[in-house]
Amino acid sequence: MENLIKSVLLQNAETFFGAQIEEKNIQFQVTRKEFEGDLTLVAFPFAKLWKLSPQDAAQKLGELLIQHVVEIEKFNVIQGFLNIVLKENYWKNQLTEIASNETFGWEQPNSKGTLLVEYSSPNTNKPLHLGHLRNNFLGFSVAEILKANGHKVVKTQIINDRGIHICKSMLAWERFSPLNDKGERETPQNTGLKGDKLVGKYYVEFDKHFNAEAKEILNQWETGVVEGFKPETIEQFKKFANAREGKDEKAVEDINAKIKELAKNETSLLRDVKEMLVKWEARDPQTYLLWNTMNGWVYDGFATTYKMMGVDFDKLYYESETYLLGKDIVDEGLNKNVFYRKQDGSVWVDLTGDGLDEKLVLRSDGTAVYMTQDLGTALDRKKDFEDMEGMVYTVGNEQDYHFKVLFLILKKLGYAWADKCFHLSYGMVDLPSGKMKSREGTVVDADDLMDEVITSAKEMTSERGHLEGMSNDEKENLFRQIGMGGLKYYLLKVDPKKRMMFNPEESIELNGNTGPFLQYAHARIQSLLVKAGEVGEFQDALLGAEEKEIIKLLSQYPSVIKEAGDHYSPAVIANYLFELVKAFNHFYQAVPVLIEKNPDVKNLRLVLCKSVADIVKRSLLLLGIESPNKM
RNA sequence: GGCUCCGUAGCUCAAUUGUAUAGAGCACUGGAUUUCGGCUCCAGCGGUUGGGGGUUAGAAUCCCUCCGGGGUCACCA
């Protein structure tokens, strides 16, 4: 309808206005509840054009439009806003169209370009936590939303499976794991621990021993024991120690931190773990075997977690296979004069012209840095998916700068698809107690949290739900659907860019703006439809205010899907759904459906209910949330 | 300190391509069912949109400034 009015105005611009008008001057908005109308046109720009008062301009616009657009029944003008009322038949036709189209609001699948969506991308030395949940739910949902917008989508992740942090877990396991009576070290099999949890345990174990050793060294230094240490180090220590004299508390603390760093560098554990990394890079068979074994445990653990999350991937990238990539791109950049080499052999890119810094892309020893890897990986993906039009990187906002630089370099190197690369940057998840910090043990484990929400869904639903006739498996499945639905909705309803507060109590609520509230509306409609049976024609039905309100909302659905896609934001869909379901509950409370005597009216209401249920179900699916028929 | 993001009701969030009286949920108070699932609905309470200035017919939204908070400024990832 908006497009129709727009084209009428544009086509008749000469006759109406005596001049061409710009499309952006035609602004629509949804008519506010307190005024009569279905659609509102803002008349201020036209007032300027005609040199009339806004009221007169709006009046003139209304008179013009009512002659040219048959669907318009009448209009009214309030302070430069033209409120248009559309004919009842228009809305009934809209409903018929919505109800008859099973993919209403979605674009033809694969009708648009291929996009890679990267999300999750964990380290293999620790289990997944609450932050990963936001990442995974977001990435998965955005991928689904892009599909609904017609894109072909490849879901992917890059697994950070190498580096010093992995070696820390490996070394700690070799050294500190107790042996059982068969002489074996701890494994997921003999402990029953989930693989990622076991490996994470040894990562923590490493840190404990590492800190203890550093403290021991520190004690030696402070008490004057200096044998066995490099003279330079002791020199440095003494310099720091003397610098503490006469300083205030804060300054002393800073200096002590530096001394601690010094001591950490002297630990045998750090030396050994670095040695292990070198061995790994040299493909030492024993180290490689250990690495493979422990990563295998982690992958088994992650697989369980991903399954519970309900996310999946089409293509996996491993950092152990990509970390050497990007060397070619360094040559390419040098050839294209985008990069330059410094005296010491390191390679840099100068982005000061774009308001950024100079950035290193290759170390002086010829090894790659993070940026080099990411450049190489990006090109690698383009090779794997030649029709790739762009990429979405679901990564926390602490890496905003990194991605700005990454995309800029790709652009400077002349890759057209760099323009369609998007950093789906999301804010940190805070707890009521403050920030999540792994060192302080305030991290919320993903598995534990999912278990908790499912358990509380069980407690709450067992009391109030409609569970009669369900098998135990069906019940367990239902609790999972409700618990996970609540959790996902809670994390997705907030604008991704924003930092958000995670309140465990609110996340398991069933009322208000929550996942279960939407699921409940869907389940209630399903039960109604089962009772209703066959649904016939509704041509002669009169449209009530409540019905019309819902049809209006339903007809906005396509633009909601488009907006969610354009902004990579599941929150747009979540907020729309909540509005829709509130309107539906209002309607359902005020208007009888099954008991309605007039068959046309009854049919119309049933079609309306079914359309709402369909949209709710399909949209929740875009958020990764299931809609049970009973709950 | 440089760059960057953010600050909306007691709390959690909408509205940020400028547009009518800034909206929801939670919490709190009071109501609704001879009716289809009460995990429902209705009403009330609650705001100087961090402060100040500017641009505009019109500012939560754009610009400047101050205050407060986060992130980032590694030859880490």
Side-chain angles (χ1 to χ4, degrees), chain A residues 24 27 29 31-35 40 42-45 47-48 53-54 78-81 83 121 123 160 162-165 319 323 342 344-348 355-357 360-374 395-402 404 425 427-428 430 432 435 460-461 463-466 482 490 493-495 497-503 505-507 509-514 516-521 523-529 531-532 566 571-572 574-575 578-579 581-582 584-596 602 605-606 609 630-631:
Chain A
K24 70 171 166 87
Q27 292 169 30
Q29 43 183 280
T31 307
R32 289 193 152 230
K33 267 182 256 152
E34 55 269 39
F35 306 110
T40 293
V42 183
F44 293 100
K48 237 176 220 172
S53 73
I78 295 162
Q79 294 178 24
F81 293 91
N83 299 321
S121 302
N123 289 348
N160 192 347
R162 52 136 245 137
I164 194 101
H165 47 291
E319 209 206 313
Y323 81 107
K342 280 194 181 172
D344 61 1
S346 58
V347 179
W348 296 72
L356 304 172
D357 299 322
L360 179 91
V361 290
L362 194 74
R363 293 190 187 107
S364 51
D365 63 6
T367 56
V369 289
Y370 181 42
M371 184 59 72
T372 330
Q373 274 180 51
D374 267 10
V395 180
N397 64 6
E398 65 271 15
Q399 294 199 38
D400 282 354
Y401 184 74
H402 172 77
K404 222 171 167 180
S425 164
M428 191 178 295
D430 286 318
K435 257 169 87 166
M460 292 165 140
T461 308
E463 287 169 20
R464 320 191 228 186
H466 298 245
I482 296 173
Y490 186 87
K493 72 178 174 185
V494 180
D495 185 332
K497 290 193 290 291
K498 290 200 172 167
R499 201 187 167 106
M500 70 176 290
M501 177 69 76
F502 184 86
N503 186 329
E505 281 159 32
E506 274 176 24
S507 72
E509 281 286 325
L510 303 178
N511 291 327
N513 191 2
T514 67
F517 176 81
L518 306 183
Q519 288 173 320
Y520 179 71
R524 201 154 61 147
I525 296 173
Q526 290 307 330
S527 132
L528 185 79
L529 292 173
K531 285 185 189 153
D566 288 349
V572 170
N575 289 326
F578 184 52
E579 288 305 316
V581 165
K582 266 196 300 183
F584 175 78
N585 283 341
H586 176 76
F587 154 86
Y588 190 79
Q589 198 76 20
V591 175
V593 179
L594 290 179
I595 331 156
E596 171 61 41
K602 178 176 165 186
R605 288 176 185 164
L606 281 168
C609 289
K630 282 185 189 174
M631 60 188 282

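Quick note on labels: first sequence line is chain A, next is B, and so on, each numbered from 1. Keep in mind the model is a prediction, meaning the values are calculated, not measured.
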Do [X] and [Y] have side chains that approach each other closer than 4.5 Å (heavy atoms only, starting at C-beta)?
{"X": "A:Asn585", "Y": "A:Arg524", "result": "yes"}
{"X": "A:Lys493", "Y": "A:Phe578", "result": "no"}
{"X": "A:Met501", "Y": "A:Pro432", "result": "yes"}
{"X": "A:Glu509", "Y": "A:Tyr490", "result": "no"}
{"X": "A:Met371", "Y": "A:Leu360", "result": "no"}
{"X": "A:Asn575", "Y": "A:Asn513", "result": "yes"}
{"X": "A:Glu579", "Y": "A:Lys582", "result": "yes"}

Practice task
Please confirm whether A:Tyr520 and A:Phe517 have ring centers closer than 6.0 angstrom.
Solution key: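 Judged by ring-centre distance (under 6.0 Å), A:Tyr520 and A:Phe517 do not meet the cut-off.
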
Exercise for the section: Measure from the side chain of A:Pro592, starting at C-beta and using heavy atoms only, and say which of B:G71, B:U35, B:C75 lies closest. Expected result: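 Given the options B:G71, B:U35, B:C75, the side chain of A:Pro592 is closest to B:U35.
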
Exercise for the section: Side chain of A:Val593 only, please: which of B:A77, B:C36, B:G37 is the nearest? Expected result: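 So the side chain of A:Val593 is nearest to B:C36.
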
Write down the partner of [N] under the Watson-Crick or G-U wobble criteria, each distance required to be under 3.5 Å.
{"N": "B:G2", "answer": "B:U72"}
{"N": "B:G25", "answer": "B:C11"}
{"N": "B:G38", "answer": "none"}

Could I get a table of every N or O pair under 3.5 Å where one atom is in the protein and the other is in nucleotides 39-46 of chain B?
residue	atom	partner	partner atom	Å
B:C39	O4'	A:Arg464	NH1	3.4
B:C39	O3'	A:Asn511	OD1	2.6
B:U40	OP1	A:Asn511	OD1	3.0
B:U40	OP2	A:Asn511	OD1	2.8
B:U40	O3'	A:Asn585	ND2	3.2
B:U40	O2'	A:Gln589	OE1	3.1
B:U40	O2	A:Gln589	OE1	3.4
B:U40	O2	A:Gln589	NE2	3.3
B:C41	OP1	A:Asn585	ND2	3.2
B:C41	O4'	A:Gln589	OE1	3.3
B:C42	OP1	A:His586	ND1	3.0

For atom [atom1], what is the distance between [N] and [M], given to the nearest Å?
{"N": "B:U65", "M": "B:C26", "atom1": "P", "result": "42 Å"}
{"N": "B:A59", "M": "B:G54", "atom1": "C1'", "result": "11 Å"}
{"N": "B:G18", "M": "B:A32", "atom1": "C1'", "result": "41 Å"}
{"N": "B:C63", "M": "B:C6", "atom1": "P", "result": "11 Å"}
{"N": "B:G30", "M": "B:G46", "atom1": "C1'", "result": "16 Å"}
{"N": "B:U55", "M": "B:U61", "atom1": "P", "result": "15 Å"}
{"N": "B:U40", "M": "B:A27", "atom1": "P", "result": "11 Å"}
{"N": "B:U34", "M": "B:G47", "atom1": "C1'", "result": "43 Å"}

Exercise for the section: Could you check whether A:Lys630 gets within reach of a base, just the sugar-phosphate, or nothing at all, counting any heavy atom under 4.0 Å? Expected result: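 Contact class for A:Lys630: base.
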
Practice task
Have a look at A:Asp400 and say if it touches a base, only the backbone sugar-phosphate, or nothing, with a 4.0 Å heavy-atom cut-off.
Solution key: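 It contacts nothing in the nucleic acid.
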
In whole angstroms, how far is the [atom2] atom of [N] from the [atom1] atom of [X]?
{"X": "A:Lys33", "N": "B:A22", "atom1": "NZ", "atom2": "P", "answer": "13 Å"}
{"X": "A:Tyr401", "N": "B:G2", "atom1": "OH", "atom2": "P", "answer": "16 Å"}
{"X": "A:His402", "N": "B:C76", "atom1": "NE2", "atom2": "P", "answer": "14 Å"}
{"X": "A:Glu398", "N": "B:U72", "atom1": "CD", "atom2": "P", "answer": "6 Å"}
{"X": "A:Glu579", "N": "B:G25", "atom1": "CD", "atom2": "C1'", "answer": "11 Å"}
{"X": "A:Phe584", "N": "B:G37", "atom1": "CZ", "atom2": "C1'", "answer": "11 Å"}
{"X": "A:Gln399", "N": "B:A74", "atom1": "CD", "atom2": "P", "answer": "15 Å"}
{"X": "A:Asp357", "N": "B:G2", "atom1": "CG", "atom2": "P", "answer": "14 Å"}

Practice task
Decide whether A:Asn397 and A:Arg499 meet the rule of one side-chain donor and one side-chain acceptor closer than 3.5 Å.
Solution key: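 Looking only at side-chain atoms, A:Arg499 and A:Asn397 do not form any donor-acceptor pair under 3.5 Å.
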
Handout entry: A:His402 vs A:Val395, side-chain contact (heavy atoms from CB on, under 4.5 Å): CA-CA, chis, key distance, verdict
Key = CA-CA 10 Å; A:His402 172 77; A:Val395 180; over 6 Å; no

Problem - Nearest-nucleotide 5' precedence on RNA chain B, A:Phe578 against A:Leu362 - result: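 Final value for this comparison: A:Phe578.
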
Practice task
For A:Ser364 and for A:Lys404, find the nucleotide of RNA chain B with the closest heavy atom, then tell me which residue's nucleotide is more 5'.
Solution key: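 Upstream on the strand: A:Lys404.
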
Practice task
List the steps, then state whether side-chain contact (heavy atoms from CB on, under 4.5 Å) holds for A:Phe81 with A:Gln29.
Solution key: CA-CA 10 Å; A:Phe81 293 91; A:Gln29 43 183 280; 4.0 Å; yes

Handout entry: Base versus backbone protein contacts along nucleotides 8-20 of chain B [heavy-atom cut-off under 4.0 Å; B, S, -]
Key = ----SSS-B--BB

Problem - Side-chain N,O (A:Arg363) to OP1/OP2 (B:A74) below 4.0 Å - result: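 No, outside the criterion.
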
